[in-house]
Amino acid sequence: MSNIQDEIKRRRTFAIISHPDAGKTTLTEKFLLYGGAINTAGSVKGKANSKHAVSDWMDIEKERGISVTSSIMQFEYDGFCINILDTPGHQDFSEDTYRTLMAADSAVMVIDGSKGVEAQTIKLFKVCAMRHIPIFTFINKMDRDAKDSFELLEDIENVLGIKTCPVNWPIGSGKEFKGVYDREKREVEMFRSVSVGGAKAAERTDYSIDDPALKDAVGEYLYDQLINEVELLDVAGEELNQELVDKGEVSPVFFGSALTTFGIEPFLHYFLKMTSSPLPRVAEGKVIDPATEPFSAFVFKIQANMNKAHRDRIAFMRICSGKFDAGMEVYHVQGKRKQKLLQPQQVMAQSRSIIEEAYAGDVIGVFDSGNFAIGDTICIPGKQLRYEGIPTFAPEHFCRVSQVDTMKRKQFVAGITQIAQEGAIQIYKDYNLDLSEIIVGVVGVLQFDVLKHRMENEYSCEVRLEPLPYSQMRWVKNNGFDMDDLRRSSEIKKAKDMNDNPLILFQNEWNIRMTLENNKGLELLEVLER
Ligand code: G4P
């Protein structure tokens, strides 16, 4: 087998999803510590003195101390080359978060054991489920009082509609947290808290479940509980079925504590065993094999002005097949031109390193002067193909936007259109009035501040944002329904996106239901496939 195929086979590319504060950053950091990509805890997010994530790129992020953008981290572990696609965990996440999930082959869902499934997890999960990618669950913070483990699994199954299969099982939680039982090995890994700092691993002692010493080690009460629960799992639970994991129908579940570095190694062990190398992608109905086809990639994210020192745009692309060599000539399908990819680089938080080569499964950032758009395909000349587009997701916050200085209309329209093309915001026009009224829709409200900031700093155009009372948007399916016939209340608004797709803005879910009830034949879409 050639070296290229070996390199591709050892790659694993996954996204981490969670609700803010569940411990995604801490877990990512522990993965990187294991992989030797960083040396000290706190490198991903300076914890003690500053709340800044290393992935802070824009001033506004620094001011707020939160991460707006997503970053990509690569590390080696046990012969695997692992790419983690980080998704912003703060409430003010953006459509980029959804799009990043398009580049992943699997997802790790971090859940706070004391809280269960939370709002943002549901949204991110839905996007993963749409793609049927494998989803692994890490129930975190077991060193704090957690909900009953069976209840947690039930919560995941009921709220998310995915079956669960615990790979390990916790013994107690909070002060009573004693460790986890590995169901395959039939072994208990005991937990002993160690200092948090850059410690690589919690101290571990392992006992077989049949070892008489186990009872003393965990105490009679927890021992009896464990034996009962394990029996219940073995009798009632289904065995882990790899095929169902691959299809995203069953989520393997792990318990642990990222902060105290407990449960990370077993997680990585099983995760790497159960996930596959880069998955094939579809281009115009044809399945493109990652290992045997030549270089191809698609753009899933465009990042403007990542850093004052580099005033530029970076297009992030996920390599879907073959090998990329710096300096090779590629073909940009949508731009219909041959070109070289300039300054190909890997971006890890604030540091960027120029790369010489990359393989299917990897993500590279390339310098872009405005040619690439989200969803574009890059391949080698003569081997033309076009990957399916990246869907657009309905935002949840809306403002009317206008320029303060009426003389600056041109800058205003140019700036806002360009920022919309990058994909952080969506812009809509009134259904009948064209561009005289512009509405901007975002997935997370911080994007409004980003927009204001960028319009002032990059386009010298001060803008006014007036919040609108809508909280939902749906595209109208093109099935022959005539928008002029729409029966509606005053609480909804008809509009069009920049590609003239009709859409409706709603104040609440109830408005959506009523509108559907009152309009036979109307079909609404939350995600617009391209
Ligand atoms: P996020 O990226 O998902 O938003 O979460 P993050 O890792 O930043 O963790 C949120 C908070 O939860 C942090 O505490 C972190 O230290 C804590 N945490 C993460 N994993 C665990 C765990 O396994 N056990 C316990 N007990 N806590 C955990 P913080 O006080 O909000 O922040 P900081 O001051 O420690 O930065």
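Both ligands and their constituent atoms are indexed starting at 1 by order of listing.
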Which bit of Thr25 gets closer than 4.0 Å to ligand 1, counting heavy atoms only: side chain, backbone, both or neither? both

Between Arg144 and ligand 1, find which residue part has any heavy-atom pair under 4.0 Å and reply side chain, backbone, both or neither.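 For Arg144, the contact with ligand 1 is made by the side chain alone.
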
Between the side chains of Glu95 and Gln426, does any donor sit under 3.5 Å from an acceptor?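 Note: Glu95 and Gln426 side chains meet the donor-acceptor criterion.
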
For Lys452, look at atom NZ and say whether over 12 heavy atoms of other residues, nucleotides or ligands are found less than 6.0 Å away. yes

Partner of Phe31 under ring-ring contact (aromatic ring centres under 6.0 Å, His included), chosen from Phe138, Phe267, Phe271: Phe267

State, yes or no, whether a side-chain contact exists between Glu176 and Tyr221 at a heavy-atom distance under 4.5 Å. no

Contact (N/O only, under 3.5 Å) between Gly23 and ligand 1: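 Min N/O separation from ligand 1 is below 3.5 Å for Gly23.
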
For ligand 1, find out whether one of its N or O atoms is nearer than 3.5 Å to an N or O atom of Pro20.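 No, no N or O pair falls under 3.5 Å.
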
Between the candidates [options], which shows the shortest non-hydrogen contact distance to [atom]?
| atom | options | result |
| --- | --- | --- |
| atom 11 (C) of ligand 1 | Lys141, His19, Lys30 | Lys141 |
| atom 26 (N) of ligand 1 | Ile17, Asp112, Asp143 | Asp143 |
| atom 16 (O) of ligand 1 | Thr260, Leu259, Asp145 | Leu259 |

What atoms of ligand 1 come within less than 4.0 Å of a heavy atom belonging to [X]?
| X | value |
| --- | --- |
| Thr26 | 6 (P), 7 (O), 9 (O), 15 (C), 19 (C) |
| Asp21 | 1 (P), 3 (O), 4 (O), 5 (O), 10 (C), 12 (O) |
| Lys24 | 1 (P), 2 (O), 3 (O), 5 (O), 7 (O) |
| Ser18 | 3 (O) |

Under 4.0 Å between a Lys/Arg side-chain N and an Asp/Glu carboxylate O for Arg318 and Asp105? yes

Any Lys/Arg nitrogen of Glu76 or Arg10 sitting under 4.0 Å from an Asp/Glu carboxylate oxygen of the other? yes

Using only atom types and a distance under 3.5 Å, with no angle test, would you say the side chain of Ser106 pairs donor to acceptor with the backbone of Phe14?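 Pair absent, no side-chain N/O of Ser106 close to backbone of Phe14.
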
By the definition side chain to side chain contact (heavy atoms under 4.5 Å, CB included), identify the one residue from Leu446, Val442, Val440 that meets it with His397.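 Of all the options given, the one that passes is Val442.
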
